[in-house]
Amino acid sequence: MEVKRRTAKSLVSKLSSVSEQTRAESLRELRLITKHDNESRSLITDAGAIPYLAETLYSSSHDSQENAAATLLNLSISSREALMSTRGLLDALSHALRGHASSTSPLAVQSAAATLYSLLIVEESYRSIIGSKRDIIYSLIEIVRNPNSQTRSIKDSLKALFGIALYPLNRTTMIELGAVPQLFSVVVKDGRVGIVEDVTAVIAQIAGCEESEEAFRKVSGLEVLVDLLDMGAGSSGRIKENSVSALLNLVMCGGERVKREVKAVAISVIDGVADVAERGSTKGKNKAVSLMKVLLEGHSSASDGNRNSFDSHFDYLLHNDHSS
């Protein structure tokens with residue numbers, strides 16, 4: 001352990017060298033060590049690496065950007081508190097994201113977004129702090145919007161947006177910054193594997209606020225979500241679960257108008273909702289059953305033609321407990 005500690009101190013000290021080559025070599029070593037050696041991560045953090053790594057994100061060297069961002073990502077696994085307490089760390093990550101179409105290496109963009117996700121997904125208290133950085137949210141949305149963004153950059157940005165949206169008060173900010181039209185545009189236009197799954201997960205979270213009702217209405221979001229639940233659409237199970245979650249959140253957080261709209265439009269894909277109730281995850285099943293109850297509310301098998309067309313297993317799903 002002592003050898004590792006001396007190595008960490010030596011490498012970190014070289015990050016302040018006047019020699020660009022020395023700094024670059026140290027960054028490469030730190031990236032490799034933090035990737036493969038769990039014990040060394042805390043030692044490198046204790047040696048004071050984080051401020052230097054954050055500063056390096058402003059470098060014009062793509063190689064240095066990539067190694068610094070990847071090292072920060074590796075450190076975020078076990079040194080989240082140290083990262084969040086480092087002055088200027090979030091600003092540096094924001095800078096890296098802002099340069100996604102110009103000055104920042106795509107690999108550095110990906111690591112910066114993934115670092116944010118690592119910070120957001122475990123520690124709830126960080127979500128309000130990161131969500132208060134509007135420039136971070138805006139940059140993540142822009143990466144998703146940009147047709148030239150790499151697939152990995154989009155996926156990492158969507159995951160960071162998902163983590164931000166887990167904090168309810170951040171959802172309004174995301175809507176204000178134009179997230180909704182960009183996210184639904186991806187659903188409609190992008191067929192890359194995994195992208196629609198990730199983007200619908202973010203949409204489902206954003207749906208959980210009052211402001212989502214009008215924002216979704218402007219982009220025909222309700223209709224898009226319903227289309228994803230059509231049994232002929234070929235949507236994956238995860239996409240269907242996210243669509244169910246989004247529709248349920250709209251109903252729960254919106255007014256009577258959106259509830260009527262959801263019932264009127266989504267009743268046509270109740271077989272898709274039922275499919276989630278039967279085959280989805282435990283959480284997905286619970287939400288699908290809750291949505292089915294909303295959709296069938298007020299319908300009677302004796303008076304409603306639509307109800308007569310439903311298979312008997314729908315009644316079974318509605319009247320059986322799917323809670324874990």
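In what follows, every heavy atom counts, from backbone to side chain, and hydrogens, waters and symmetry copies are set aside. For clarity, every value in this text was computed on a predicted model and none was experimentally measured.
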Gap between atom [atom2] of [Y] and atom [atom1] of [X] - 0.5 Å precision:
{"X": "Glu142", "Y": "Leu177", "atom1": "CD", "atom2": "CG", "result": "10.0 Å"}
{"X": "Arg28", "Y": "Glu25", "atom1": "CZ", "atom2": "CD", "result": "6.0 Å"}
{"X": "Tyr58", "Y": "Thr104", "atom1": "OH", "atom2": "OG1", "result": "10.5 Å"}
{"X": "Asn146", "Y": "Ile154", "atom1": "CG", "atom2": "CD1", "result": "8.0 Å"}
{"X": "Ser64", "Y": "Leu15", "atom1": "OG", "atom2": "CG", "result": "10.0 Å"}
{"X": "Ile121", "Y": "Leu116", "atom1": "CD1", "atom2": "CG", "result": "12.0 Å"}

Do [X] and [Y] have side chains that approach each other closer than 4.5 Å (heavy atoms only, starting at C-beta)?
{"X": "Arg23", "Y": "Lys14", "result": "no"}
{"X": "Ile203", "Y": "Leu225", "result": "yes"}
{"X": "Glu66", "Y": "Leu27", "result": "no"}
{"X": "Leu72", "Y": "Leu57", "result": "yes"}
{"X": "Leu161", "Y": "Asp198", "result": "no"}
{"X": "Arg217", "Y": "Glu261", "result": "yes"}
{"X": "Leu296", "Y": "Ile267", "result": "yes"}
{"X": "Ile164", "Y": "Met174", "result": "yes"}

According to the ring-ring contact (aromatic ring centres under 6.0 Å, His included) rule, which pairs have a member within residues 171-225, sequence neighbours left out?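 Found Phe184-Phe216.
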
Residue list, side chain to side chain contact (heavy atoms under 4.5 Å, CB included) with [X], at least two apart or on another chain:
{"X": "Tyr167", "answer": "Arg127, Ser128, Leu169, Asn170"}
{"X": "Ser268", "answer": "Val226"}
{"X": "Met231", "answer": "Lys240, Asp271, Asp275"}
{"X": "Leu11", "answer": "Thr7, Ser26, Glu29, Leu30, Ile33"}

Atom [atom1] of [X] with >12 non-hydrogen neighbours under 6.0 angstrom:
{"X": "Tyr138", "atom1": "OH", "result": "no"}
{"X": "Glu2", "atom1": "CD", "result": "yes"}
{"X": "Glu210", "atom1": "CD", "result": "no"}
{"X": "Glu55", "atom1": "CD", "result": "no"}
{"X": "Arg192", "atom1": "CZ", "result": "yes"}

Selection residues 221-235 - residue pairs positive for side chain to side chain donor-acceptor pair (under 3.5 Å), sequence neighbours left out: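 Found none.
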
Could you name each residue pair satisfying side chain to side chain donor-acceptor pair (under 3.5 Å) that touches residues 77-90, not counting sequence neighbours?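 Counting only pairs at least two positions apart or across chains, the side chain to side chain donor-acceptor pair (under 3.5 Å) contacts touching residues 77-90 are Thr45-Ser79.
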
Where the side chain of [X] meets the backbone of [Y], is there a donor-acceptor pair that is under 3.5 Å apart?
{"X": "Ser212", "Y": "Ala207", "value": "yes"}
{"X": "Ser139", "Y": "Ile136", "value": "no"}
{"X": "Ser290", "Y": "Asn286", "value": "yes"}
{"X": "Thr200", "Y": "Val196", "value": "yes"}
{"X": "Asn242", "Y": "Arg238", "value": "yes"}
{"X": "Gln205", "Y": "Leu166", "value": "no"}
{"X": "Gln150", "Y": "Pro106", "value": "no"}
{"X": "Thr115", "Y": "Ser111", "value": "yes"}
{"X": "Ser40", "Y": "Asp37", "value": "no"}

Following the transitive rule for hydrophobic clusters with a side-chain heavy-atom cut-off under 4.5 Å over Ile, Leu, Val, Met, Phe, Trp and Tyr, establish whether [X] and [Y] coincide in one cluster.
{"X": "Ile77", "Y": "Ile50", "answer": "no"}
{"X": "Ile195", "Y": "Val109", "answer": "yes"}
{"X": "Ile44", "Y": "Leu32", "answer": "no"}
{"X": "Leu140", "Y": "Leu107", "answer": "no"}
{"X": "Leu73", "Y": "Leu75", "answer": "no"}

Distance-only donor-acceptor pairs under 3.5 Å for side chains of residues 244-256, two or more places apart:
residue	atom	partner	partner atom	Å
Ser245	OG	Lys287	NZ	3.2
Asn249	ND2	Ala204	O	2.8
Asn249	ND2	Ser245	O	3.4

Ignoring hydrogens, what is the shortest heavy-atom contact between [X] and [Y]? Give both atom names and the distance.
{"X": "Ile143", "Y": "Ser157", "result": "CG2-OG, 3.3 Å"}
{"X": "Ala69", "Y": "Ala108", "result": "CB-O, 3.8 Å"}
{"X": "Ala274", "Y": "Met292", "result": "CA-SD, 3.8 Å"}
{"X": "Ala160", "Y": "Ala113", "result": "CB-O, 3.7 Å"}
{"X": "Ile175", "Y": "Cys209", "result": "CD1-SG, 3.6 Å"}
{"X": "Ser105", "Y": "Gln65", "result": "N-OE1, 2.8 Å"}

Cationic N near anionic O, under 4.0 Å, Glu297 to Lys293: no

Which donor-acceptor pairs under 3.5 Å do the side chains of residues 94-103 make with protein atoms, sequence neighbours left out?
residue	atom	partner	partner atom	Å
Ser94	OG	Arg98	NH1	2.9
Ser94	OG	Asp135	OD2	2.9

Using links of under 4.5 Å between side-chain heavy atoms of ILVMFWY residues, direct or through other members, which residues join Leu43 in one cluster? Met1

Do [X] and [Y] have side-chain N/O donor and acceptor atoms under 3.5 Å apart?
{"X": "Glu211", "Y": "Thr172", "result": "yes"}
{"X": "Glu123", "Y": "Ser125", "result": "yes"}
{"X": "Ser281", "Y": "Glu241", "result": "yes"}

According to the salt bridge (charged side-chain N to carboxylate O under 4.0 Å, His left out) rule, which pairs have a member within residues 39-52, sequence neighbours left out?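 Qualifying pairs, neighbours excluded: Lys4-Glu39.
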
For residues 166-178, pull every pair meeting salt bridge (charged side-chain N to carboxylate O under 4.0 Å, His left out), keeping only residues two or more places apart or in separate chains.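 The answer is Arg134-Glu176.
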
